[in-house]
Student: 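Take this structure first; my questions come after.
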Amino acid sequence: MGRGTLEAEAGSQGLEIHRIVDRRCGLEAVIALDSPLLGPAVGGCRMWPYASLAEAEAEACALARAMTRKVLLADLPFGGGKAVIRGDPATAKTPALWAAFAAALERLAGRYWTGEDSGTTPADMDAIARRSRFVLGRSSGAGDLGPMTAEGVLVGLKVALRHRFGSEDLQGVRIAVQGLGAVGLPLAERLAAAGAQLFVADLDANRVARAVERTGARPVAPHAVVEAPVDVLAPCALGGVIGPAEVGLLRCALVAGAANNPLATPETARLLHRRGILFAPDYVINAGGVIAATAELDPGGYRPQRVHARLAIIAHRLDSILAEAAARDRPPLEVTEALAAGLRARRLAAATGGRAASRARCPGGPAGASLLGTGQLARDP
Ligand code: NAI
């Protein structure tokens with residue numbers, strides 16, 4: 001890359017890990033690519049003041065794996081990846097830092113496409129895009145992914161509602177939205193417009209006031225929202241909000257929201273199932289953002305109408321997952337994990353069976369760049 005240092009190594013289970021350190025601009029980052037044989041990796045760039053680069057690396061690997069499941073289930077022709085920058089989003093962003101990060105992306109030559117995530121914004125993507133081609137979520141493209149993610153959550157929530165209550169009609173359905181940020185607020189607006197009876201919570205009182213004003217929702221204290229007596233709980237804040245201890249406190253019949261990893265442990269999915277509370281798996285229902293971001297690579301560029309049409313995959317997937325979960329009396333998350341593993345195995349078999357697939361060009365990449373790229377380190381089983 002010509003600046004700083006870049007180390008790459010094969011992690012476990014087909015992960016490829018790139019560590020980027022540039023002391024001149026303070027960049028410390030990790031880019032994790034999950035199973036590069038699946039195709040160019042997509043996944044946002046997270047910025048957070050992690051205690052160490054090792055902690056950032058663990059997060060990047062877990063998030064890259066989750067992205068793979070999300071893109072496979074959304075039928076997108078990519079693999080999963082994630083970039084994690086160790087730094088405070090309020091103070092660490094400088095033109096030099098984005099230039100160094102952009103150089104690392106260029107060095108990967110289209111094998112990883114970045115985008116916005118927690119701690120980064122469309123304006124940051126614009127800054128990176130000044131020096132790298134491999135950026136999604138720019139303000140001239142999909143921009144803020146929150147509204148399209150909310151749209152996808154709405155699509156999935158209706159399907160889950162039908163499976164749980166026999167109707168997709170939101171009129172009068174009591175829904176608690178936890179977190180009123182980039183996704184939670186546009187989701188609340190859509191639910192209110194469809195006639196739902198809304199309850200909203202956020203740690204930020206200004207966000208609550210704004211949501212109440214725009215939707216007529218009733219505010220709930222942040223600590224009480226998980227226990228609100230509602231039909232649906234829509235977690236749209238951080239992950240891990242429902243653990244074994246919370247399952248007994250829930251007074252909803254359905255959990256369906258945007259938050260990544262809202263269940264604290266795998267056991268929580270089984271406990272919810274045992275209590276008869278339906279859980280719409282997060283990485284199926286919240287795929288609207290990556291569906292929107294990757295639409296920037298369409299021939300002819302980003303078209304919102306095309307993205308809206310593609311959100312139908314969320315309804316299709318969730319419908320078949322929830323039907324199978326009901327038929328086999330299994331937690332939906334378990335069915336989803338098995339489905340994603342099957343899709344992954346099929347895509348890998350197709351990639352390794354037909355070498356032609358590996359010669360396909362990376363979208364937007366340099367002429368002759370292959371999906372395998374050069375210097376690939378990891379091999380899928
Ligand atoms: P955001 O940072 O814009 O908003 C999150 C909101 O949750 C903030 O207003 C925050 O104050 C609030 N919050 C945090 N802890 C809370 C608590 N305990 N109780 C109530 N409110 C709390 O985040 P964004 O982008 O809306 O994302 C929300 C979730 O959806 C995250 O888990 C994210 O990973 C996930 N997601 C977001 C996508 C996007 O397009 N932005 C795409 C897919 C998933």
Side-chain angles (χ1 to χ4, degrees), residues 42-48 59-60 62-64 66-67 69-71 73-74 76 80 82 84 89-90 114-122 124-125 136-137 141-157 176-190 198-212 214 217 219-228 233-243 246 249 255-264 280-296 307 311 314:
V42 290
C45 172
R46 183 165 285 198
M47 186 183 263
W48 193 253
E59 180 94 318
L63 290 167
M67 275 311 294
R69 292 197 293 262
K70 195 180 296 195
V71 295
L73 288 160
L76 296 170
K82 207 78 181 184
V84 170
T114 202
E116 61 181 287
D117 198 84
S118 303
T120 59
T121 64
D124 298 331
M125 296 308 117
L136 304 172
D144 176 6
L145 302 176
M148 216 46 108
T149 303
E151 195 67 39
V153 172
L154 181 67
V155 165
L157 195 149
V177 180
Q178 179 196 40
L180 300 163
V183 186
L185 181 62
L187 177 65
E189 288 173 327
R190 284 161 174 75
L198 277 190
F199 300 81
V200 293
D202 199 292
L203 298 178
D204 180 337
N206 291 326
R207 292 191 168 187
V208 175
R210 188 176 53 173
V212 167
R214 291 200 196 170
V220 181
H223 69 270
V225 66
V226 167
E227 303 170 39
L233 174 65
C236 297
L238 301 181
V241 291
I242 304 172
E246 284 75 27
L249 302 174
V255 175
N260 279 309
N261 305 322
L263 306 189
D282 46 301
Y283 53 89
V284 178
I285 199 169
N286 72 13
V290 71
I291 292 173
T294 51
E296 287 185 17
V307 179
L311 295 181
I314 295 176

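Numbering of ligands and ligand atoms starts at 1, following listing order.
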Student: Assess Gly239 for proximity to ligand 1: is some non-hydrogen atom of it under 4.0 Å away?
Tutor: no
Student: Return yes if some donor-acceptor pair links the side-chain N/O of Asn286 with the main-chain N/O of Ala258 below 3.5 Å, else return no.
Tutor: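 Judged by distance alone, yes, a pair lies under 3.5 Å.
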Student: From atom 14 (C) of ligand 1, work out which of Ala237, Gly179, Pro186 has a heavy atom at the shortest distance.
Tutor: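 Heavy atom nearest to atom 14 (C) of ligand 1 belongs to Ala237.
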Student: Is Ile242 close to Leu233 at the side-chain level, that is, under 4.5 Å between some pair of heavy atoms?
Tutor: yes
Student: I want to know if ligand 1 touches Arg207 in the polar sense, i.e. an N/O pair below 3.5 angstrom.
Tutor: yes
Student: Is there a nitrogen or oxygen of Asn260 sitting under 3.5 Å from a nitrogen or oxygen of ligand 1?
Tutor: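 Yes; the residue has a nitrogen or oxygen that sits under 3.5 Å from a nitrogen or oxygen of the ligand.
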Student: Under a 3.5 Å distance rule, please check whether Asp202 uses its side chain to pair with a backbone N or O of Leu180 as donor and acceptor.
Tutor: yes
Student: Closest by any non-hydrogen atom to atom 11 (O) of ligand 1: pick that one out of Leu238, Asp202, Leu185, Asn261.
Tutor: Asp202
Student: Report yes if some N/O of Ala182 lies less than 3.5 Å from some N/O of ligand 1; otherwise report no.
Tutor: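 It does: an N or O of Ala182 is found under 3.5 Å from an N or O of ligand 1.
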Student: I'd like to check atom 2 (O) of ligand 1 in this structure: does the protein have a heavy atom lying under 4.0 Å from it?
Tutor: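 Given the 4.0 Å cut-off, atom 2 (O) of ligand 1 does not count as touching protein heavy atoms.
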Student: Could you list which atoms of ligand 1 come closer than 4.0 Å to a heavy atom of Val183?
Tutor: 26 (O), 37 (C), 38 (C), 39 (C), 41 (N)
Student: Just go through Pro262, Gly181, Cys236 and tell me whose heavy atom is the nearest to atom 28 (C) of ligand 1.
Tutor: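 It is Cys236 whose heavy atom sits nearest to atom 28 (C) of ligand 1.
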Student: Do any nitrogen or oxygen atoms of Lys70 come within less than 3.5 Å of a nitrogen or oxygen of ligand 1?
Tutor: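 Checking ligand 1 against Lys70, no N or O pair falls under 3.5 Å apart.
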